[in-house]
Every structure is written in structure tokens, then in C-alpha cells.
Trainee: 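I have a structure I would like to understand better, so I am pasting it below and will then ask my questions one at a time.
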2 protein chains.
Amino acid sequence: MKPIIQDIFRGLTFTDDELLQISGKLHKTSILRKEHLIEPGKDVNHFYYIHAGCLRTYFIDPAGKEHTLQFAIKGWWTSDYIALFGKGDTKSVAYIECIQDATLYKVAKSDFDELCREIPKVSRFHVQNLESAFAAFQRRILENLMLSAKERYIAFVQAYPNIEQSVKNYHIASYLGITTESLSRIRRNIALD
Amino acid sequence: MKPIIQDIFRGLTFTDDELLQISGKLHKTSILRKEHLIEPGKDVNHFYYIHAGCLRTYFIDPAGKEHTLQFAIKGWWTSDYIALFGKGDTKSVAYIECIQDATLYKVAKSDFDELCREIPKVSRFHVQNLESAFAAFQRRILENLMLSAKERYIAFVQAYPNIEQSVKNYHIASYLGITTESLSRIRRNIALD
DNA sequence: TTGATTTCTTACCCTACGTCAATTTTTACG
DNA sequence: CGTAAAAATTGACGTAGGGTAAGAAATCAA
């Protein structure tokens, strides 16, 4: 378990006692392509750390259209944060789908909060991550405001360089906020430079 | 100073000693309409708590167009979080403009981090706020993906019910990612229901 | 391998929103 | 106040991206 913990909390070093505390709260799971980790209406109480594989978080709007909020790859965390961090109840409103066979380590939010209280450096680690995420979200919102669909696609490919293999075209389109057809046109347009 | 601290950290109660620690790090400022709190290139080291008034954070893209990232009103914090929380240096890339005469309380990020270390409940308060913001950002990204300009405008008016007086129409347009002209047409369209 | 299913591309037309320019309305200020 | 400046509206027209439908290509399953 130790190597995984050090993988998860990169940059931190723990005493044997702390390692024990943490590993008691960390549970290995795996999930296969096309299976769903989370679906609307289900209770959400965990964070999931991705040790291998790839998942995507998406929503379905009243018109039945999918909207991809994020892809999560090796080394990232995922969950339905709207349910987990939001004020309301903890019922999910999102789908989290496995798009490449994955190995996950899950921690209950309540267990994680406990770890934060018991081990201050875990708390600081969490704050640090939340702050980075905060900046990253602002950048994404700006990117959506400032860039055209073509520019956003180019930015996406740069941000997730090796994801294109595992991800369907329509996943990317729904992440960028356009249709597959438009994405197809954009790709052709880029190709003939 | 005590009433302001209790206003800022709603829900927490502090000992006299803690109040002293906090008030030593909190500095009152005020700013007038049309002045800028932050401009690109300036160093950003503080959070600003808004006790009264209204500010907006915006960016100017290479084409010279403004994009409003957020409005900050009484009871909110503001800063250039991309600079303050991002990995890179602390030079601002944003403008923060006062759009209604404001009274602010500022804290240096380094002082705030110190408070978090010294007073655990402040740290928990911060984590709680970051987590809510995290969920809120996801909701905003989704809203941008799912809703039409008209629907986003309606959502905006509901989210900031009494802001319309102080905010220019083109501020709202640049927040919604549309032009003033489009916003004008949307408003007319809504009027004749 | 081959047929079936899923995904991607292309073509056609349509719509929401952008651009430009003129006009009216509102706000600021001497 | 009245005038200038700023903001909002309107109209004519352009364009990015959407909707639909059909075919091509890739992937899967047996």
C-alpha cells in the first residue's frame, strides 16, 4: 500500500503510523470500459483516485444531450463534486463512465475529512489541490469565453496530449460544447494547413 | 474590528486571543467606482473581502475584447486567483475594477496561510469555502455548456437579483459571452412575453 | 473473416449570434 | 438645468456552428 499512498500524496512523507491510518481508509476498486462509476440519483460519498485508466464525467440536459464536464486520467481524482461539495443533498446528478479499464482507490469524504483533522499535512495538501483547481477552473471558464471552437479544440489536444486514442470524438465534442459534426469539420479544417 | 471578523468568518466564534491574531492581519481599504484594484502586470498577494460595494474581474483578449469572469458583491471575496493560486508567478493577468464604491478588508495570502496553520477552524472554514466554490465552478461550466444565451441571462438575473442597477449592460454581456447587441435583443425578446 | 454496430465524415440548409453603422436613451458634469 | 459623453437599442447583413440525413470508415462480435 505504501507506494500507492506516496503516489497519491506526491511530495509528502509519512510516518509508519500515518501510513497505517491512511491505508485503513483507502480502498482499491476496478472498473471496466463502458461501466458507470456514478449515475444520477445514486448517493455520492467518495473521492476516487485514478491509478490507471480513464473516466469521464458527463451530464444529460433536459433535451437529452450529453455534456462532458471533465476527463480524469492517471494521477487525477474524480467524483461528482457538485453532489459531494455542494450544499444540498449527496444524490448524484452526474454520470461518471469508464472509458478505459481503470484501477481506482476510493476514500469516503468523511474519512478524508477525518484524515485532514488528524494529519495537518494532508489538510495542507488538500487545500493546495483545491486552490490549484480553483485557478484551473477560472482558466477554463475564460477559455470558453475567449476562444473559438477551433482554438478550444487545439487547446484541448495540448492539455490532454495522449488522450485522443482512448476518447471518442463525440466525447471531445461534448466537452468543447459543440456537435460531433462541427468537430469533424474543425479537424478537416486543421488537417488542410 | 470584532464585528467585521464575525461577518467575514460567519458561523465561527473566536477567543479574544484569536481575534487579536486575525485583526492584526486584516487591513481596511476603500476604493471608488471606476478605479482598478488590480491590473495586469501588478503583483498579487492579497485576498479582498467586500464589506460594501461591487467589483468585477475581467480579462482582455488578444483581439481587445473584454471578458468578465465574475462580479463580487457584499460578503464575497475577490482577487486574481489565477495569479494567487496558480503555479506560475504572482503577476496579475486580470483587471479588477470597482463598479460601485466599495469598502474592502484585505489579507495577504501568506498571512492567511499562517492563520490557517495557527487556527484550525480557520483552515476548515477555508476548505469549506474552496469546496463550495469548486462545486459552483462546475455548475457554471455546465451552465455554459447546456444553456442558450437567453437562458444564461435569465439564470444570471436570478443569481444576482439586485445587481442590475449597478452593473452596465455590457458587463453582463461580457460575463455571458455575448455582445451588448445580442443582450439587448434578448431583453426585448423577454419583454414581449 | 465477415456481417453488424458504432463512430466519423460530408453535404445541404438553417439559426443564433456577431459585426457594423446609425439612432435613441441615459448618465455625468460644468 | 443643458450639453457632452456614455450606454443601449435597432436594423441590415455576415458567419460560425447546429440539425438532419446519408454514406464511409472503423470497431466489435461471432
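Computed from a predicted model, the values in this text were never measured in an experiment. Residue numbers start from 1 in every chain, and the chains themselves are labelled A, B, ... in the order their sequence lines are given, proteins ahead of strands.
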Trainee: Quick one: side-chain hydrogen bond (donor to acceptor under 3.5 Å, both in side chains) pairs with a partner in residues 153-162 of chain B, sequence neighbours left out?
Mentor: Tyr153(B)-Glu164(B), Tyr153(B)-Arg187(B)
Trainee: To the nearest Å, how far apart are Arg188(B) CZ and dG11(D) C1'?
Mentor: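 So the two atoms are 9 Å apart, to the nearest Å.
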Trainee: Just N and O in the side chain of Arg185(A): are any of them under 4.0 Å from OP1 or OP2 of dG19(D)?
Mentor: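 Looking at the OP1 and OP2 atoms of dG19(D), neither is under 4.0 Å from any side-chain N or O of Arg185(A).
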Trainee: Report whether Leu20(A) and Met1(A) are members of the same hydrophobic cluster (ILVMFWY, side-chain heavy atoms less than 4.5 Å apart, transitive linking).
Mentor: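 Cluster IDs for Leu20(A) and Met1(A) differ.
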Trainee: For Arg33(A) and dC28(D), is the shortest distance between a side-chain N/O and OP1 or OP2 below 4.0 Å?
Mentor: yes
Trainee: Using a 3.5 Å distance criterion without hydrogens, assess whether the side chain of Asp80(B) forms a donor-acceptor pair with backbone atoms of Ile96(B).
Mentor: no
Trainee: Rounded to the nearest Å, what distance is computed from the CG atom of residue Asn144(A) to the P atom of nucleotide dG17(D)?
Mentor: 13 Å
Trainee: Report for the helix from dT1(C)-dA30(D) to dG30(C)-dC1(D): angle between first-end and last-end helix axes, five pairs each, rounded to 10 degrees.
Mentor: 60°
Trainee: Between Ser174(B) and Thr68(B), which heavy-atom pair has the shortest distance, and what is it?
Mentor: OG-OG1, 2.5 Å
Trainee: Find the distance Tyr153(B):OH to dA16(C):P and express it as a whole number of Å.
Mentor: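 One finds 19 Å between P of dA16(C) and OH of Tyr153(B), rounded.
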Trainee: Distance check: side-chain N/O of Thr179(A) vs OP1/OP2 of dG17(D), anything under 4.0 Å?
Mentor: no
Trainee: Just checking Arg187(B): base, sugar-phosphate only, or nothing, at a heavy-atom cut-off of under 4.0 Å?
Mentor: sugar-phosphate
Trainee: To the nearest Å, how far apart are Glu181(B) CD and dC20(C) P?
Mentor: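 Rounded to whole Å, this separation is 10 Å.
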Trainee: Is a side-chain N or O of Lys121(A) found less than 3.5 angstrom from the main chain of Thr13(A), in a donor-acceptor match?
Mentor: yes
Trainee: Under 3.5 Å between N/O atoms: give me all the protein pairs with nucleotides 4-7 of chain D, atom names plus distance.
Mentor:
{"unit_1": "dA7(D)", "atom_1": "OP1", "unit_2": "Tyr170(B)", "atom_2": "OH", "d": "3.4"}

Trainee: Is Arg152(A) side chain donor-acceptor paired with the dG17(D) base, going by distance under 3.5 Å alone?
Mentor: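 Absent.
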Trainee: Starting at CD of Glu66(A) and ending at C1' of dG18(D), how long is that distance when rounded to a whole Å?
Mentor: 17 Å
Trainee: Can a side chain N or O of Ser182(B) be found less than 4.0 Å away from OP1 or OP2 on dG18(C)?
Mentor: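 Yes.
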Trainee: Side-chain donor-acceptor pairs under 3.5 Å in residues 39-54 of chain B, sequence neighbours left out?
Mentor:
{"unit_1": "Asp43(B)", "atom_1": "OD1", "unit_2": "Lys91(B)", "atom_2": "NZ", "d": "2.7"}
{"unit_1": "Tyr49(B)", "atom_1": "OH", "unit_2": "Asp7(B)", "atom_2": "OD2", "d": "3.3"}
{"unit_1": "Tyr49(B)", "atom_1": "OH", "unit_2": "Arg10(B)", "atom_2": "NH2", "d": "3.2"}

Trainee: Using a 3.5 Å distance criterion without hydrogens, assess whether the side chain of Ser92(A) forms a donor-acceptor pair with backbone atoms of Ala94(A).
Mentor: yes
Trainee: Mind calculating the distance between NE2 (His171(B)) and P (dT27(C)) to the nearest angstrom?
Mentor: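 Distance, rounded to whole Å: 14 Å.
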Trainee: Membership question, hydrophobic clusters at under 4.5 Å side-chain separation (ILVMFWY): are Tyr170(B) and Ile190(B) in the same one?
Mentor: no
Trainee: Using the benzene-type ring in the case of Trp, are the ring centres of Phe156(B) and Phe71(B) under 6.0 Å apart?
Mentor: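 Yes, the ring centres sit under 6.0 Å apart.
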Trainee: If I take atom CG in residue Asn189(B) and atom P in nucleotide dT15(C), what distance separates them, rounded to the nearest angstrom?
Mentor: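 Distance, rounded to whole Å: 15 Å.
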Trainee: Can you sort out which residues in residues 154-162 of chain A have a heavy atom within less than 4.0 Å of DNA chain D? Ascending by number, please.
Mentor: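 Those residues: none at all.
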Trainee: Other members of the hydrophobic cluster containing Tyr58(B), with the 4.5 Å side-chain heavy-atom rule, please.
Mentor: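 Its cluster partners, ordered by chain and number, are Ile60(B), Tyr95(B).
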Trainee: In whole angstroms, how far is the C1' atom of dA16(D) from the NZ atom of Lys150(A)?
Mentor: 12 Å
Trainee: Do the side chains of Asp113(A) and Arg117(A) get close enough for a salt bridge, i.e. N-O under 4.0 angstrom?
Mentor: no
Trainee: What do the steps show when you test Phe9(B) against Ile22(B) for side chain to side chain contact (heavy atoms under 4.5 Å, CB included), and what is the final call?
Mentor: CA-CA 11 Å; Phe9(B) 297 98; Ile22(B) 296 172; 4.1 Å; yes
